[in-house]
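In what follows, every chain begins at residue 1, and chains take the letters A, B, ... in the order their sequences are listed.
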There are 2 protein chains.
Amino acid sequence: MGRVTLNDVSARAGVSRATASLVVRGSERISPATTERVRAAMVELGYVYDRRAAMLRASRSMTIGVIVPEIRNPYLGEMIMAIEATLHGEGLTVLVGHSHDQSERESQLLSTMVERHVDGLLLQPAQDLTREQVDRYTKSTETPLVMMMRYIDEQDNYVGPDNEAAGLILGEHLRTLGARSVTLVGGPRKSSARQGRIAGLRAGLGTAVEFDSGEATALPTNYTDTGERAMAHVFDQGKVPDVVVGYSDVVTMGMYAEIYRRGLTPGRDVAVASFDDVPMASWLAPPLTSVATWPNRVGKAAAELLLARIADGAAPPERIEFEPALRLRASTLSWGRRSRG
Amino acid sequence: MGRVTLNDVSARAGVSRATASLVVRGSERISPATTERVRAAMVELGYVYDRRAAMLRASRSMTIGVIVPEIRNPYLGEMIMAIEATLHGEGLTVLVGHSHDQSERESQLLSTMVERHVDGLLLQPAQDLTREQVDRYTKSTETPLVMMMRYIDEQDNYVGPDNEAAGLILGEHLRTLGARSVTLVGGPRKSSARQGRIAGLRAGLGTAVEFDSGEATALPTNYTDTGERAMAHVFDQGKVPDVVVGYSDVVTMGMYAEIYRRGLTPGRDVAVASFDDVPMASWLAPPLTSVATWPNRVGKAAAELLLARIADGAAPPERIEFEPALRLRASTLSWGRRSRG
DNA sequence: ACGATCCGTTAGATCGATATAACAACGACC
DNA sequence: GGTCGTTGTTATATCGATCTAACGGATCGT
């Protein structure tokens, strides 16, 4: 014999299937006595709710899709945890996928999630994802969508750090530190986040400091191995700048490795700074100067904005940007002292 | 008007719904001409496959549930990527959940996944998860289950590193290095993995070396902040051992931070070693001696074992353990030299 | 005493696909 | 020529829940 269904439960409890259904959903309209009888029957028979059937019939699936480029990145780990914590409270289940920052894989994920009728999507778009690819799955199905960290254009709901401000405060710090040349290392070339950080750095550094936006080292994936390769490339160019700025902390960890490998010490021979301020940044040797970009705030706000969009699909696109904060540590400060002294 | 269904498509193409369904599933039995007509109709109407309905009717949902204690841990990140890579090839979607190493949260996740009729489960059990909690959801529904990294008892399908061998080779290394006292730091107290590593360390260190299995620092969660607190506890006890062995690399990163904070240097004032050998281990300062426990091999093998169990549910439980490998680096080697010299 | 209102409950239709068994059309075979 | 098997297609029941509209009975107002 097959699985126990609501039909079996209602028969056992001597009520209709509809009543049993209302009990499972905790309806107020059912009398305590009936509720109790049905609950007892469920326990006796070992009933397991079948969400597939509920998902098919009901208008909502109580599922949210989350797509990020990379799952091993602790920054994104924090963000995902914040998202889940927020949505779990609403009784929503989160479906996580990672795209390897490839738009093709991301299209597949979007398709899978729309096929499963997710109630909404939280997307950190792959760097080369196009509006057409997004619209293809979300427009006809009217699936609410919020972009995180990056966006495609102005019609997107967007939550992320204020990347330009992040670049600006770091640039200013490096200028006052006395840097003469600064190179940005790594990061996904085409992403809006990278563009913003570059613009901010330029503005903060001013015209007196030589700035290389590091297009040659901008690499598709954004993980630690990328940092090693990108830093090696900088060394192989011959002219080592005063400061290397990693696109993110995970990239910078790889850069540390490569700097040590060349017999140099980060923060002494070359100043290093970065973005994100993941917990590990302060544990590196030397501790890493980094601009905090608040993964948990971003995750929480994105989830909340999505909930609002699910409740009211007609609202105009909204943008939420968080003020970054500069965390000064030895990887730049000790270099600063040395060059001054 | 609502969503386009197979009914609409079949009407447009002038065939029956059954035929259209066969076309979506790529059946061989449909003539090329018909296939083409149906495909065209799908494109014209903008048809989106509805997996909810398919999942309800079909015997398989083409979904696998994966439950791990912590999502920010890069070790688990690697493992999840290996799992997804393996299952994606079979057309399966992966549903990931993290339990914070709490059995209650884990029960909820199991329930959610069984409600969604996952075809199988890959589970790294929370340290206090009981057989009853697992059976409650998997037995009546006959959901195939493979445990990873830890197990509850001998009737589980299990894939993981050979923890005892891992402890053994590290213990032997530390003994020949000349360690007099060794303390294990952190880790989930009750997990089978920790028990195995302790047994191995004991055997490898022999009776001449003082070994503290660190029950006082064994902490529920297994992330970097845990390492800081646990190491602080060791310092506060007064007697600092020759060697501290972190339960895992992420824990050990936190230990490094605390050691530096006390004005000491890992690998010079106290030798440090660990388990897992995540990429970051070699980028720390000093590079960390660690026992490789192969997250991608574990993930891949676990996924494959699960596929086999799905194909044949009656097969007896199987255990797969991977030989660990010792990665010698400066965090122990430089201490060794100093103490010898 | 009568109709109006409210409340807990229910029968039956429904969501959109898949499974099953049967179908017509056609050629092969003895 | 009748039987058989094959091939491509289809009618219909089905998965297990939720939605809708309506139900009977109790309570209320007048």
Side-chain angles (χ1 to χ4, degrees), chain A residues 1-39 41-42 45-63 91 112 114-117 119 140-141, chain B residues 1-39 41-42 45-63 91 111-112 114-119 140-141:
Chain A
M1 107 166 194
R3 201 146 157 165
V4 178
T5 76
L6 266 192
N7 236 333
D8 307 326
V9 171
S10 59
R12 172 67 156 253
V15 298
S16 77
R17 190 171 65 249
T19 303
S21 173
L22 288 168
V23 171
V24 203
R25 286 178 283 163
S27 164
E28 303 283 333
R29 311 179 56 81
I30 303 292
S31 72
T34 314
T35 301
E36 202 35 61
R37 270 220 318 290
V38 175
R39 287 253 164 76
M42 282 173 20
L45 299 176
Y47 171 69
V48 180
Y49 184 64
D50 193 326
R51 206 169 284 270
R52 300 174 307 173
M55 280 167 62
L56 175 58
R57 190 59 179 88
S59 51
R60 295 190 54 182
S61 69
M62 302 307 278
T63 311
T112 301
V114 170
E115 283 177 5
R116 281 163 199 268
H117 280 243
D119 293 336
S140 72
T141 57
Chain B
M1 151 198 139
R3 201 148 160 165
V4 179
T5 76
L6 267 191
N7 236 332
D8 306 328
V9 171
S10 60
R12 173 66 158 253
V15 299
S16 77
R17 190 171 64 248
T19 304
S21 174
L22 289 168
V23 170
V24 201
R25 287 178 284 163
S27 163
E28 302 282 333
R29 308 183 57 83
I30 303 292
S31 72
T34 314
T35 301
E36 200 37 59
R37 269 217 322 290
V38 175
R39 287 253 164 77
M42 283 175 13
L45 298 175
Y47 171 70
V48 179
Y49 184 65
D50 193 327
R51 204 168 285 269
R52 299 175 307 173
M55 279 167 64
L56 176 59
R57 189 61 177 91
S59 51
R60 295 190 54 181
S61 69
M62 302 308 276
T63 311
S111 162
T112 303
V114 170
E115 283 177 6
R116 282 163 198 269
H117 281 242
V118 292
D119 293 336
S140 72
T141 56

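Nearest heavy-atom pair, Arg12(A) versus Ala41(A), reported as atom, atom and distance to 0.1 Å: CG-CB, 3.7 Å. In this structure, Ala58(A) and Arg52(B) approach most closely via the heavy-atom pair O-NH1, 3.9 Å. The two residues Val15(A) and Thr34(A) have their closest heavy-atom pair at CG1-CG2, 3.8 Å. Listed here is the closest heavy atom pair of Asn7(A) and Ser10(A): O-OG, 2.9 Å. Minimum heavy-atom separation, Arg3(A) to Val114(B): NH2-O, 3.3 Å.
As a whole-Å value, the separation of Glu115(A) CD from dT18(C) P is 11 Å. The nearest whole Å value for the distance from the CZ atom in Arg51(B) to the C1' atom in dC15(D) is 17 Å. Atom CZ in Arg116(A) sits roughly 15 Å away from atom C1' in dG16(C) (whole-Å rounding). Between the CG atom of Asp50(A) and the P atom of dT14(D) there is a distance of 18 Å, given to the nearest Å. The separation between Arg29(B) atom CZ and dT20(C) atom C1' is 13 Å, rounded to whole Å. Rounded to an integer number of Å, the gap from Arg52(B) CZ to dT14(C) P is 17 Å. Atom CG in Asp8(B) sits about 9 Å away from atom P in dG16(C), given to the nearest Å. If you measure from atom CD of Glu36(A) to atom P of dG8(C), you get 17 Å, rounded to the nearest angstrom.
Between Tyr49(A) and Ser31(B), the residue anchored nearer the 5' end of DNA chain D, judged by the nucleotide with its closest heavy atom, is Ser31(B).
The environment of CZ in Arg37(A) is crowded: more than 12 heavy-atom neighbours from other residues, nucleotides or ligands sit within 6.0 Å.
Phosphate proximity of dG8(D) to Thr34(B): absent, as no side-chain N or O sits under 4.0 Å from OP1 or OP2.
A donor-acceptor pair shorter than 3.5 Å cannot be found between the side chains of Ser21(B) and Arg17(B). Side-chain atoms of Arg116(A) and Thr63(B) form a donor-acceptor pair, as typed in the model, at a separation below 3.5 Å.
Contacts with DNA chain D (heavy atom under 4.0 Å) in residues 55-62 of chain B: Leu56(B), Arg57(B), listed by number. Contacts of residues 16-27 of chain A with DNA chain D (heavy atom under 4.0 Å): Arg17(A), Ala18(A), Ser21(A), Arg25(A).
Met55(B) contributes atom CE, which lies 11.0 Å from atom CZ of Arg51(A) (distance to the nearest 0.5 angstrom). Summarising the geometry, atom CG belonging to Asp50(B) is positioned 10.5 Å from atom CG belonging to Leu56(B); distances are rounded to the nearest 0.5 Å.
For Thr5(B), the listed nucleotide lying nearest its side chain is dA17(C); candidates were dT9(C), dA17(C), dG16(D).
When the C1' atoms of four end pairs are superposed on the next four at each end of the helix from dA1(C)-dT30(D) to dC30(C)-dG1(D), using five pairs per end, the two resulting axes differ in direction by 40°, to 10°.
Among Ile30(A), Val9(A), Leu22(A), the one residue that satisfies the side-chain contact (heavy atoms from CB on, under 4.5 Å) test with Val38(A) is Val9(A).
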